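Along the sequence shown, the residues carry numbers beginning at 1. Only a predicted model underlies this, so the values are computations on that prediction, with no experimental measurement involved.
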Amino acid sequence: MDIKWGAKTKAAIVTVQKGAKGNLTWILQSALYLEGFNPGSFDSIFGKGTESALSKFQKAKKITADKKAGKATSTKLFAA
């Protein structure tokens, strides 16, 4: 493991969307909060608050505001 944001990491990204539950959603909620987009509660459930925060983040970063956390969104949130 080289801890780089490279091709392998980007290829492994899964899309997280409304209705998702679990650790990936919690990480998404936390990352959005740290970027200044409050998803509401940190409950590991991708609901209205997370969807709204994600949409605002996507618009601010000028990426497609599809309310899904896929490759483009993850790159903006996590790539250094």
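The CD atom of Glu51 sits 11.5 Å away from atom NZ of Lys56, with the distance rounded to the nearest 0.5 Å.
With sequence neighbours left out, Ser41 forms a side-chain hydrogen bond (donor to acceptor under 3.5 Å, both in side chains) with Asp43. Take Thr73 and apply the side-chain hydrogen bond (donor to acceptor under 3.5 Å, both in side chains) test, not counting sequence neighbours, and it matches Gln58. Checked against salt bridge (charged side-chain N to carboxylate O under 4.0 Å, His left out), Lys21 has no partners two or more places apart in sequence or in another chain. Every residue meeting the side-chain contact (heavy atoms from CB on, under 4.5 Å) condition with Tyr33, not counting sequence neighbours, appears here in chain and number order: Asn38, Pro39, Phe42.
Among pairs with a residue in residues 64-73, none fulfils salt bridge (charged side-chain N to carboxylate O under 4.0 Å, His left out), at least two apart in sequence or across chains. Listed by first and then second residue, the ring-ring contact (aromatic ring centres under 6.0 Å, His included) pairs involving residues 49-69 are Phe37-Phe57 (not counting sequence neighbours). The salt bridge (charged side-chain N to carboxylate O under 4.0 Å, His left out) pairs that include a residue from residues 32-42 number zero, where partners must be two or more places apart or lie in different chains. For residues 23-33, no pair satisfies salt bridge (charged side-chain N to carboxylate O under 4.0 Å, His left out), with sequence neighbours left out.
Remark: the backbone N or O of Trp26 is paired with a side-chain donor or acceptor of Ser30 at under 3.5 angstrom.
Paired with Gln29 under the rule side-chain contact (heavy atoms from CB on, under 4.5 Å), one option of Thr25, Leu32, Ile27 passes, and it is Thr25.
Phe78 and Ile63 are not part of a single hydrophobic cluster, where members link through side-chain heavy atoms under 4.5 Å apart.
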Problem set entry | side-chain contact (heavy atoms from CB on, under 4.5 Å) evaluation trace for Leu24 with Phe46 | CA-CA 10 Å; Leu24 290 178; Phe46 193 136; over 6 Å; no
